[in-house]
2 protein chains.
Amino acid sequence: MNILEKIANELDTFSKSERKVAEVILASPSTVIHASIAALAKQANISEPTVNRFCRRLDTKGYPDFKLHLAQSLANGTPYVNRHVDENDSADEYTAKIFESTMANLEMARKSLDSGTINRSVDLLTQANKISFFGLGASAVVAHDAQNKFFRFNVPVVYFDDVLMQRMSAINSTQGDVVVLISHTGRTKSLVEVASLARENDATVIGITTEGTPLAKECTIVLSMDVAEDTDLYMPMSSRIAQLTLVDILATGFTLRRGTKFRDNLKKVKDSLRSSRFDRKE
Amino acid sequence: MNILEKIANELDTFSKSERKVAEVILASPSTVIHASIAALAKQANISEPTVNRFCRRLDTKGYPDFKLHLAQSLANGTPYVNRHVDENDSADEYTAKIFESTMANLEMARKSLDSGTINRSVDLLTQANKISFFGLGASAVVAHDAQNKFFRFNVPVVYFDDVLMQRMSAINSTQGDVVVLISHTGRTKSLVEVASLARENDATVIGITTEGTPLAKECTIVLSMDVAEDTDLYMPMSSRIAQLTLVDILATGFTLRRGTKFRDNLKKVKDSLRSSRFDRKE
DNA sequence: ACTTTTTTGTAATTTTACTACATTTTAAGT
DNA sequence: ACTTAAAATGTAGTAAAATTACAAAAAAGT
């Protein structure tokens, strides 16, 4: 764990003086790494040995070693932490916070994704006769995006955000078809039903959802990711960005599996758009 | 630039003894950050002041400061760089690369976004009688997502990914209406036409597009972001993630502008979904 | 080959961090 | 409420580390 986070975490296990040090450090870590132990002690209004003891409590060899750790914490620019948007934030502030938490969540998602599962999913998708992407609400957006990617591959792709169409499509699916169901909560009743309908008809069901949910239980294979959704705002934000990135990964895996020749085909699809666009002047 | 790279770069500008130091450092930088100047000098078979001079040549204040820089170089184990996916990448590898380049691009986008423009856009959106989101292809996904966010605010919101519907809707728009047009390239002919149609009818046109493009020129206000799209794969990936994050930011700005009471309303929208879901067992 | 410049090293100085011990503060027990 | 033990903090001295000033050696130019 990052030493800055560690300090923030253990803040209440510190003694009075140690907390003073911690607060000075947290307030401006980038200043501290250039300060001597004496300077820091003065800043925090405590003695030098207290700073030294503080460093040891954090499992470092002493003050210089502590600064090294601190420098490493700061290395990734501002570490991406899930800072919540506040009532009185300016445009500048909430913009920064949203970018940061999006990135922090992508980092989390990356760590929690299992590449073996991805590999098997790509296997299934490349072998599919027909691929369907279903989602509702915010997840419909992800399904929509998936369709937009996979239709380029010249594979039969279907996307519905209409409950009835999803059901009908699921009933019509057969062995060799892959149905991808997207739902962060994994508790949307109608989607869970679609999953079992598809399974009954021998279709393969890939779930982009959370492990252990009702939907996950109905799926052949589950692609799950840990994301800390900021529920203060009552809107799905980070979860869908992570899901879209996962779609990118699946699509990339698909093209890689298909080989070079296939990629020329992608270029053709893209070039076909040319006439609908204004030329570049440069 | 990373100090380790810098050392490797300037290797031939160093004097004989300085190169000895450089080589010891490059061979095992992680050892050096825990060594004293005396230990390093001994390792390199040179004197302590030489090490000190070496540090200064690299624009650091001295040996301790140099170690700080070195520690930071090491912390960026894998900095977020736009690494391109390779032919023979395993699932593990392309997953990591896609996450990393997505994050690198978000970082770029964040830096290039102007908070003043965001603020003005939020102003316009909060005052709008009707908001329309239009896009085509990958950008339709972003428009779709925007609708999903803004409809929660109990504002008239429209979204079309159909060229004719977009045109008709633009013609019907009037003063007080805001039309948001999304296109990374900014060169999609029909969208540019929609922009001018909307403008002719006195609607406000916000463009989420690249500066200087035909579309940008037709807009009242342009929200532009720098993103390095990986064109090897012929699919829009990073650009749309950045656009979606921008949508999050606009939506957040919108809710903040509307105040606390308004947020209770959002909760109601979210709670209305409850009956469509399976209960949590915990 | 000699002079000048650059590089490197030695030794002293200064800065910085740490240790041992004393004092204060806090908490626990009677 | 008072006493005693334990924990926390500070003071002063010590040790270690880094830096400076200067001298010696090496390299480059004339």
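A note on names: the letters A, B, ... follow the listed sequences, proteins ahead of strands, and every chain is numbered from 1. Everything quoted here is computed from the prediction, not taken from an experiment.
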Next item on the list: Return the value, rounded to whole Å, for the distance between atom CG of A/Leu40 and atom P of C/dT15.
Entry: 19 Å

Next item on the list: Could you tell me the separation between the CZ atom of A/Arg19 and the P atom of C/dT25, rounded to a whole number of Å?
Entry: 19 Å

Check: Between D/dT20, C/dT25, C/dT8, which nucleotide gets closest to the side-chain atoms of B/Glu18?
Finding: C/dT8

Check: B/Arg56 side chain N/O closer than 4.0 Å to the phosphate oxygens (OP1, OP2) of D/dT20?
Finding: yes

Check: Would you call B/Lys97 and B/Glu100 a salt bridge, using N to O less than 4.0 angstrom?
Finding: no

Note to self: Between B/Asn52 and D/dT19, is there a contact of a side-chain N or O with OP1 or OP2 at under 4.0 Å?
What the structure shows: yes

Check: To the nearest Å, how far apart are B/Asp65 CG and C/dT16 P?
Finding: 13 Å

Next item on the list: Hey, which sits more toward the 5' end of DNA chain D by its nearest nucleotide, B/Arg53 or B/Lys61?
Entry: B/Lys61

Checklist line | Sub-4.5 Å side-chain heavy-atom contact between B/Leu250 and B/Ile206 | finding: no

Item checked: Atom-to-atom span, CG of A/Asn45 to P of D/dA8 - whole angstrom -> 20 Å

Next item on the list: Indicate whether the side chain of A/Asp92 and that of B/Ser115 have a donor and an acceptor atom separated by less than 3.5 Å.
Entry: yes

Check: Taking the side chain of B/Ser36 as its heavy atoms from C-beta onward, which of D/dA17, D/dT9, C/dT8 lies nearest to it?
Finding: D/dA17

Notebook entry, point to check: B/Ile37 or A/Pro49: which one's nearest nucleotide on DNA chain D is closer to the 5' end?
Noted result: A/Pro49

Next item on the list: Would you indicate which nucleotide in D/dT19, D/dG10, C/dT8 comes nearest to any side-chain atom of B/Glu48?
Entry: D/dT19

Item checked: Among D/dA18, C/dC18, C/dT8, the nucleotide that comes nearest once only the side chain of B/Lys16 is considered -> C/dT8

Checklist line | Between D/dA8 (P) and A/Phe54 (CZ): distance, integer Å | finding: 14 Å

Next item on the list: Whole angstrom is fine here: how far is it from CD1 in A/Ile46 over to C1' in D/dG10?
Entry: 10 Å

Check: Do A/Arg120 and A/Asp114 meet the salt-bridge criterion of a basic N to acidic O distance under 4.0 Å?
Finding: no

Notebook entry, point to check: Are B/Arg110 and B/Glu107 close enough for a salt bridge, meaning some N to O gap below 4.0 Å?
Noted result: yes

Item checked: Nucleotide nearest A/Tyr63 when distance is taken to its side chain, options C/dT16, C/dC18, D/dT9 -> C/dC18

Notebook entry, point to check: Are OP1 or OP2 of D/dA8 and a side-chain N or O of A/Ser15 less than 4.0 angstrom apart?
Noted result: no

